[in-house]
Amino acid sequence: QVQLVESGGGFVQPGGSLRLSCTISGLTKAYFAIAWFREAPGKEREGVACITSGDGTTFIADSVKGRFTISQNSAKNTVYLQMNSLKTEDTAVYLCAVLVRVGVGLDPFGAGYHYSNWGQGTQVTVSS
């Protein structure tokens with residue numbers, strides 16, 4: 001059974017940093033990528049960052065570009081989301097998921113891209 005578990009969330013002041021971890025187990029089939037999403041109250045789920053399983057190509061959403069980076073440690077079956085220069089609007093539950101179907105275009109959060117095996121999420125709160 002595929003399981004993704006997020007960790008590393010917490011409370012941080014604006015301008016601070018956090019590193020989130022997504023630990024993957026039970027994934028025996030080849031997969032395309034792992035992505036991070038976030039859900040804030042009253043807002044739609046937003047794709048934040050994605051990394052391919054093969055060559056580690058990354059995609060960062062415009063809303064966090066220059067502040068967030070995504071990386072992976074294949075030996076540890078873990079994908080990381082490094083978040084710097086955090087803002088209050090980054091407050092959300094952060095979740096990771098497996099990309100199981102590739103859609104149209106190069107945007108991994110675009111039409112036709114389908115994700116599965118969602119984790120339960122980790123809360124990130126940015127506040128002074």
Side-chain angles (χ1 to χ4, degrees):
Q1 182 178 352
V2 178
Q3 187 175 19
L4 277 65
V5 178
E6 303 91 342
S7 62
F11 183 95
V12 63
Q13 293 186 337
S17 297
L18 282 174
R19 189 178 79 159
L20 307 183
S21 299
C22 173
T23 302
I24 306 151
S25 61
L27 192 56
T28 57
K29 296 182 179 179
Y31 62 96
F32 296 108
I34 300 293
W36 282 98
F37 293 79
R38 64 185 181 184
E39 295 179 343
K43 296 184 179 180
E44 292 186 356
R45 179 181 293 171
E46 176 188 14
V48 174
C50 184
I51 186 166
T52 61
S53 62
D55 60 4
T57 299
T58 62
F59 178 93
I60 305 295
D62 287 342
S63 60
V64 300
K65 192 168 291 182
R67 301 188 297 121
F68 289 14
T69 58
I70 187 171
S71 62
Q72 62 187 354
N73 184 326
S74 298
K76 294 184 178 181
N77 293 323
T78 302
V79 173
Y80 303 100
L81 183 68
Q82 179 66 44
M83 307 186 297
N84 299 326
S85 302
L86 283 162
K87 305 176 181 180
T88 56
E89 51 263 43
D90 295 320
T91 295
V93 174
Y94 285 73
L95 311 98
C96 56
V98 181
L99 176 60
V100 294
R101 186 168 69 236
V102 176
V104 178
L106 299 178
D107 181 352
F109 304 123
Y113 282 81
H114 181 71
Y115 290 85
S116 183
N117 305 110
W118 295 85
Q120 291 187 332
T122 184
Q123 176 71 46
V124 171
T125 302
V126 185
S127 176
S128 56

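Values in this document were obtained by computation on a predicted structure and should not be read as measured data.
Considering CG of Leu95 and CG of Leu20, their distance stands at 10.5 Å, rounded to 0.5 Å. To the nearest 0.5 angstrom, Ile24 atom CD1 is 8.5 Å from Ser74 atom OG.
Looking at residues two or more places apart in sequence or on another chain, you find no side-chain hydrogen bond (donor to acceptor under 3.5 Å, both in side chains) involving Ser116. Taking Arg19 as the reference, nothing meets the salt bridge (Lys or Arg N to Asp or Glu O under 4.0 Å) condition, with sequence neighbours excluded. Legend: residues meeting disulfide (SG to SG under 2.5 Å) with Cys50, ordered by chain and number and at least two apart, are absent. Taking the side chain to side chain contact (heavy atoms under 4.5 Å, CB included) definition, one finds that Val98 meets it with Leu4, Leu27, Tyr31, Ile34, Val100, Asn117, sequence neighbours left out.
Grouped by direct or indirect side-chain proximity (heavy atoms under 4.5 Å, Ile/Leu/Val/Met/Phe/Trp/Tyr only), Val5 sits alone. Grouping Ile, Leu, Val, Met, Phe, Trp and Tyr by side-chain contacts under 4.5 Å, direct or through others, leaves Leu106 on its own.
Hydrophobic clustering of Ile, Leu, Val, Met, Phe, Trp and Tyr side chains at less than 4.5 Å, counting indirect connections, unites Trp118 with Val102. Leu81 and Ile60 fall within a single hydrophobic cluster, where Ile, Leu, Val, Met, Phe, Trp and Tyr are joined by side-chain heavy atoms under 4.5 Å apart, directly or via other members. No single ILVMFWY cluster, assembled from side-chain heavy atoms under 4.5 Å apart, contains both Val64 and Tyr80.
Applying the disulfide (SG to SG under 2.5 Å) test to residues at least two apart or on different chains, the pairs with a partner in residues 59-128 are Cys22-Cys96. Screening residues 83-100 for side-chain hydrogen bond (donor to acceptor under 3.5 Å, both in side chains) gives Ser17-Asn84, Arg38-Asp90, Arg38-Tyr94, Arg67-Asp90, Gln82-Asn84 as the qualifying pairs, with residues at least two apart or on separate chains. For residues 46-73, the pairs satisfying ring pair (Phe, Tyr, Trp, His ring centres under 6.0 Å) are Phe59-Phe109, with sequence neighbours left out. Residue pairs meeting the salt bridge (Lys or Arg N to Asp or Glu O under 4.0 Å) criterion with at least one partner in residues 69-84, sequence neighbours excluded, are absent. Residues in residues 50-65 take part in these side-chain hydrogen bond (donor to acceptor under 3.5 Å, both in side chains) pairs, two or more places apart or across chains: Glu46-Ser63, Thr52-Asp55, Asp55-Thr57, Asp62-Lys65. The salt bridge (Lys or Arg N to Asp or Glu O under 4.0 Å) contacts involving residues 113-128 comprise nothing, where partners must be two or more places apart or lie in separate chains.
A donor-acceptor pair under 3.5 Å links the side-chain atoms of Tyr113 to the main chain of Gly105, judged by distance alone. Not a single donor-acceptor pair under 3.5 Å links the side chain of Gln72 to the backbone N or O of Val79. Gln120 contributes no side-chain N or O that, together with a main-chain N or O of Glu6, makes up a donor-acceptor pair within less than 3.5 Å.
Using a 4.5 Å cut-off on side-chain heavy atoms (C-beta onward), Met83 and Trp36 make no contact.
Considering all non-hydrogen atoms of both residues, Gly8 and Leu18 come closest at O-CD2, 3.8 Å.
Between Tyr115 and Phe37, the ring centre distance stays below 6.0 Å.
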